[in-house]
Amino acid sequence: MFVLSGYDAFLGFLLISAAVPVLALVANKVLSPKSRQGERELTYESGMEPMGGAWIQFNIRYYMFALVFVVFDVETVFLYPWAVAFHRLGLLAFIEALIFISILVVALAYAWRKGALEWS
Amino acid sequence: MSPDLPSPIPLQAYLVLAAILFCTGVWGLINSRNAVRVLMSIELMLNAVNINLMAFSTYLDGQLIRGQVFTIFVITVAAAEAAVGLAILLSLYRNRETVDMERFNLLRW
Amino acid sequence: MTIASTTQQICFLVLSATLVFGSLGVVLLPNIVYSAFLLGGVFLSVAGLYLMLNASFVAAAQVLVYVGAVNVLILFAIMLVNKQETLAAIPGLLLRRILSGAVCAGLFLLLVRVAFTTDWALPGPTPIGDEATIRIGEHLFSDYLLPFELASVLLLMAMIGAIVLARRDVFSSDVITGEPVDQGLIEKSRTPLLLDTNDQKRPMLENTP
């Protein structure tokens, strides 16, 4: 029972876009000359010599930004159906959505106050 | 396709798939040494539950789709759980310098 | 015009194969970074299954929240705690794994038996398809209004809790030497200075057996 419309075009796009990276990598593998030695092995052929491993510890500020992003991402998921069904819902739903948003504005103000939004 | 034709995929296929995902999640939850992997197993189990809800919503409740609303709420709770769980994990790592589940044993009997 | 039934079956098989092998990889692979990326693949194939179940909005929400946010959060957490450590061996690990595997297999058989013996009320009403997003909006503002408002409170609490747990407030200058302390919130070189000065003397929690 698949009743959504327009997803045959989506499937076509999906297949084509999945084929693009595969074709690019395979063509690269087949066509490129094979000289894998010396300078060719470096990460940046004409740049700084990389030092240390790639497994470094990240700063926790990245985690803070990701955290704030998660919360407002979920907020978007709730607000989208409200926007789509706006004409059928009326004024009361508008007020309810305002309550929803104002509670999350409190969260934003807290994050701001705590400095989770600053890079410093 | 007209709606009265039988579906090419039975409801039981989705249920069995969700059962496989859930049991994999339970096994990973019990056996993981890394605390991050425990959280990932919990996400797998929540996704299995969501597949069940969505399958029932489409096959048995096609007009009211209460299962889809439930899935939205489960996704919300899962996002909140991941945020707080990983913050707890970071706090633990700062105090104990490890993510090995076998060494978080202060409350062990 | 919609997708033919054979195409649907092929899509279902591909998605379920990705799902099963991806989840096994999440649980079994030794490198946690590979597990995290495979988890993203599992989330994406679950979103594909939602599309096949006529739920385009929930599929989009799955991609947005799980792949876009939760998986990124997990990857950041992995990069924050990625010290390579050798795990101490546990006696009876293999026995434990086999036992828990047997329990999980039993649970799986039970679930399959329930799925095949229950008399589902099939076929149900026709799925509404493209109208689903509007119907979800109507649900959220009528009979699911209280959970909707509580969801915002839950998100508020989760954010405050996570910020408080993940941050550690430190003094801006070292109390002994007077030199400025860098505000990197995870400090490895010395014990972090808590705002409560009594806690400075507290030894790190030992690994008590």
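Within every chain, numbering begins at 1; the chains are lettered A, B, ... in the order of the sequence lines, protein sequences first and strands thereafter. In this text, all values refer to a predicted model and were calculated from it rather than measured experimentally.
- For the options C:Leu29, C:Leu111, C:Val103, heavy-atom pairs under 4.5 Å to chain B are most numerous at C:Leu29.
- With a 4.5 angstrom heavy-atom cutoff, B:Ile72 touches chain C only via side-chain atoms.
- Of the atoms belonging to C:Ile128, heavy atoms from both backbone and side chain fall under 4.5 Å from chain B.
- Looking at B:Leu29, there are no atoms closer than 4.5 Å to chain C (heavy atoms on both sides), in backbone or side chain.
- Between B:Arg66 and C:Glu138 there is no salt bridge, since no side-chain N of the basic residue sits under 4.0 Å from a carboxylate O of the acidic one.
- Contacts between B:Asn31 and chain C at a heavy-atom distance below 4.5 Å involve backbone atoms as well as side-chain atoms.
- Contacts of C:Leu140 with chain B are made by side-chain atoms alone, with heavy-atom separations under 4.5 Å and no backbone atom involved.
- Atom CZ of B:Phe70 sits in a sparse spot, with 12 or fewer heavy atoms from other residues, nucleotides or ligands closer than 6.0 Å.
- Under the 3.5 Å distance criterion, the side-chain polar atoms of C:Thr117 are matched with a main-chain donor or acceptor of C:Arg113.
- Considering all non-hydrogen atoms of both residues, B:Ile65 and B:Ser57 come closest at CA-OG, 3.5 Å.
- Top candidate by heavy-atom pairs under 4.5 Å with chain B, chosen from C:Leu150, C:Leu19, C:Val20, is C:Leu19.
- Among C:Ala36, C:Pro147, C:Ala151, the residue making the largest number of heavy-atom pairs under 4.5 Å with chain B is C:Pro147.
- The salt bridge (charged side-chain N to carboxylate O under 4.0 Å, His left out) check on C:Glu149 picks up nothing, with sequence neighbours excluded.
- The heavy-atom pair separating C:Gly22 from C:Val42 by the smallest distance is C-CG2, 3.5 Å.
- Chosen from B:Cys23, B:Ala18, B:Gly28, B:Ala83, the residue pairing most often with chain C at heavy-atom distances under 4.5 Å is B:Cys23.
- Using a 4.5 Å cut-off between heavy atoms, C:Leu24 touches chain B through backbone and side chain atoms alike.
- Contact between B:Ser41 and B:Ser32 at its shortest, heavy atoms only, is OG-OG, 4.2 Å.
- Proximity to chain B involves both the backbone and the side chain of C:Ala132, based on heavy atoms less than 4.5 angstrom apart.
- The choice from C:Ser100, C:Ala77, C:Ala158 that makes the most heavy-atom pairs within less than 4.5 Å of chain B is C:Ser100.
- Contacts of B:Ala13 with chain C are made by both backbone and side-chain atoms, with heavy-atom separations under 4.5 Å.
- Of the atoms belonging to B:Leu86, it is side-chain heavy atoms, and not backbone ones, that fall under 4.5 Å from chain C.
- In this structure, the portion of B:Thr71 lying under 4.5 Å from any heavy atom of chain C is its side chain and not its backbone.
- For the set C:Val114, C:Leu28, C:Val58, the entry with the most heavy-atom pairs within less than 4.5 Å of chain B is C:Val58.
- B:Phe73 CZ: more than 12 foreign heavy atoms inside a 6.0 Å radius.
- Only the side chain of B:Leu15 comes within contact range of chain C, with at least one heavy atom under 4.5 Å from a heavy atom of that chain.
- For a residue to count as touching a neighbouring chain, one of its non-hydrogen atoms must lie under 4.5 Å from one of that chain's; by this rule C:Ala105 does not touch chain B.
- Taking every heavy atom of both residues into account, C:Leu39 and C:Val26 meet most closely at N-CG2, 3.6 Å.
- Of all non-hydrogen atoms in B:Gln12 and C:Ala115, the two that sit nearest each other are CG-O, 3.4 Å.
- Between B:Ile9 and C:Met52, the shortest heavy-atom contact is CD1-CE, 3.4 Å.
- Here B:Asn50 is the residue among B:Asn50, B:Leu89, B:Asp100 with the most heavy-atom pairs under 4.5 Å with chain C.
- Chain C forms more heavy-atom pairs under 4.5 Å with one residue of B:Leu44, B:Leu39, B:Ile30, B:Val26 than with any other, namely B:Leu44.
- Checked against the 6.0 Å centroid criterion, the rings of B:Tyr14 and B:Phe56 do not qualify as a close aromatic pair.
- Remark: the backbone N or O of B:Gln68 is not paired with any side-chain donor or acceptor of C:His139 at under 3.5 angstrom.
- Ranked by heavy-atom pairs under 4.5 Å with chain C, the list B:Met54, B:Glu81, B:Glu43 is led by B:Met54.
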